[in-house]
Amino acid sequence: KAGVTQTPRYLIKTRGQQVTLSCSPISGHRSVSWYQQTPGQGLQFLFEYFSETQRNKGNFPGRFSGRQFSNSRSEMNVSTLELGDSALYLCASSLDAQGYYGYTFGSGTRLTVV
Amino acid sequence: AQSVTQLDSQVPVFEEAPVELRCNYSSSVSVYLFWYVQYPNQGLQLLLKYLSGSTLVKGINGFEAEFNKSQTSFHLRKPSVHISDTAEYFCAVSPVSGGSYIPTFGRGTSLIVHP
């Protein structure tokens, strides 16, 4: 079956712009999480959605937001981009609500802010 | 809250040699433990997980890990590595109960296999 699909794979944006990233989870997976990965900070949790509801949120400013649709696809949005937002953004989906079976990650969207 | 410490940021090893990647964690509640691997330009892939039962867990690609509750460790091992094992490895923990089950990841260990 198809894995977790993230689009686009690469993105270059200018400081001050906004960006929307998309994630399609594995079919049947209702939990979708987003992570920011940077060399300096490692993997940092952004937020998690289950059945269109945000259940958990990491310690990121309000410029970072997300949503989940009825088909479990998820989007995250970053407004007023800053240079420090340059990172690999990873989406992960899980079969169950608690991640008991582990998470399946997409290949990520590499965002570069110039 | 949980924390994960991967004691080595980089582990160089020759092909066909054994390897151990170390992971220690801290948590006030019981946890599930995971190891993930990330190949260049890809997302993370689950290698193995410990939920309960036997403390020795076998995963994909010949990797195994042993849960040691008294030492709060979950070290990853492979008896003979291949060039293709060169990747970043992440240890992660999730609380079994007590609120947020969002996994906490370690900073990663870069395994570099030399021919």
Side-chain angles (χ1 to χ4, degrees), chain A residues 2-10 21 23-26 29-50 54-60 66 87-112, chain B residues 1-10 23 25 27 29-53 57-60 63 65 74 76 87-110:
Chain A
V4 177
T5 304
Q6 290 189 247
T7 56
R9 286 295 309 273
Y10 302 92
L21 312 182
C23 170
S24 293
I26 290 177
H29 285 198
R30 293 162 63 192
S31 170
V32 174
S33 300
W34 289 89
Y35 288 83
Q36 181 194 67
Q37 186 179 26
T38 59
Q41 299 296 322
L43 276 156
Q44 292 191 286
F45 170 72
L46 280 156
F47 26 66
E48 184 249 352
Y49 290 88
F50 185 84
Q54 185 182 91
R55 294 194 303 181
N56 290 282
K57 190 176 190 305
N59 190 26
F60 277 81
L88 180 66
Y89 290 88
L90 292 168
C91 168
S93 72
S94 176
L95 178 64
D96 64 304
Q98 285 77 36
Y100 183 83
Y101 298 99
Y103 291 82
T104 302
F105 283 78
S107 296
T109 293
R110 184 163 299 280
L111 172 65
T112 302
Chain B
Q2 296 75 44
S3 66
V4 178
T5 302
Q6 291 185 241
L7 296 155
D8 305 295
S9 59
Q10 206 172 79
C23 172
Y25 70 93
S27 177
V29 299
S30 295
V31 293
Y32 299 135
L33 299 124
F34 305 84
W35 274 99
Y36 287 85
V37 60
Q38 184 179 31
Y39 299 103
N41 298 315
Q42 294 187 28
L44 280 70
Q45 179 183 358
L46 181 65
L47 268 179
L48 48 79
K49 60 181 182 283
Y50 172 79
L51 302 177
S52 65
V57 180
K58 294 189 184 299
I60 62 172
F63 283 94
F74 190 53
L76 181 71
E88 193 83 14
Y89 291 79
F90 293 91
C91 180
V93 301
S94 293
V96 172
S97 61
S100 174
Y101 41 80
I102 299 300
T104 299
F105 287 84
R107 296 296 295 270
T109 296
S110 179

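Since this is a predicted model, take the numbers as computed values, not measurements. Naming: A, B, ... by sequence-line order, numbering from 1 per chain.
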Applying side-chain contact (heavy atoms from CB on, under 4.5 Å) to Q38(B) and L90(A), what does each step give before you reach the verdict?
CA-CA 12 Å; Q38(B) 184 179 31; L90(A) 292 168; 4.2 Å; yes
Is [X] close to chain A through its backbone or its side chain, or both, or neither, when contacts mean heavy atoms under 4.5 Å?
X	answer
Y39(B)	neither
L51(B)	side chain
Q45(B)	neither

I need the N41(B) CG to L88(A) CG distance, nearest 0.5 Å.
8.5 Å
So OH of Y103(A) and CD1 of I102(B): to nearest 0.5 Å the spacing works out to 4.5 Å
If we define contacts as heavy-atom pairs under 4.5 Å, which of S94(B), P103(B), G108(B), A92(B) has the most with chain A?
P103(B)
Under 4.5 Å, counting heavy-atom pairs only, tell me which of F90(B), Y36(B), F34(B) racks up the most with chain A.
Y36(B)
May I ask you to check whether Y35(A) and F105(B) place their ring centres under 6.0 Å from each other?
yes
What part of Q41(A) gets within 4.5 angstrom of chain B, counting heavy atoms only: side chain, backbone, both, or neither?
backbone
Please list all pairs passing the salt bridge (Lys or Arg N to Asp or Glu O under 4.0 Å) test where one or both residues lie in residues 36-48 of chain A, with sequence neighbours left out.
E48(A)-R55(A)
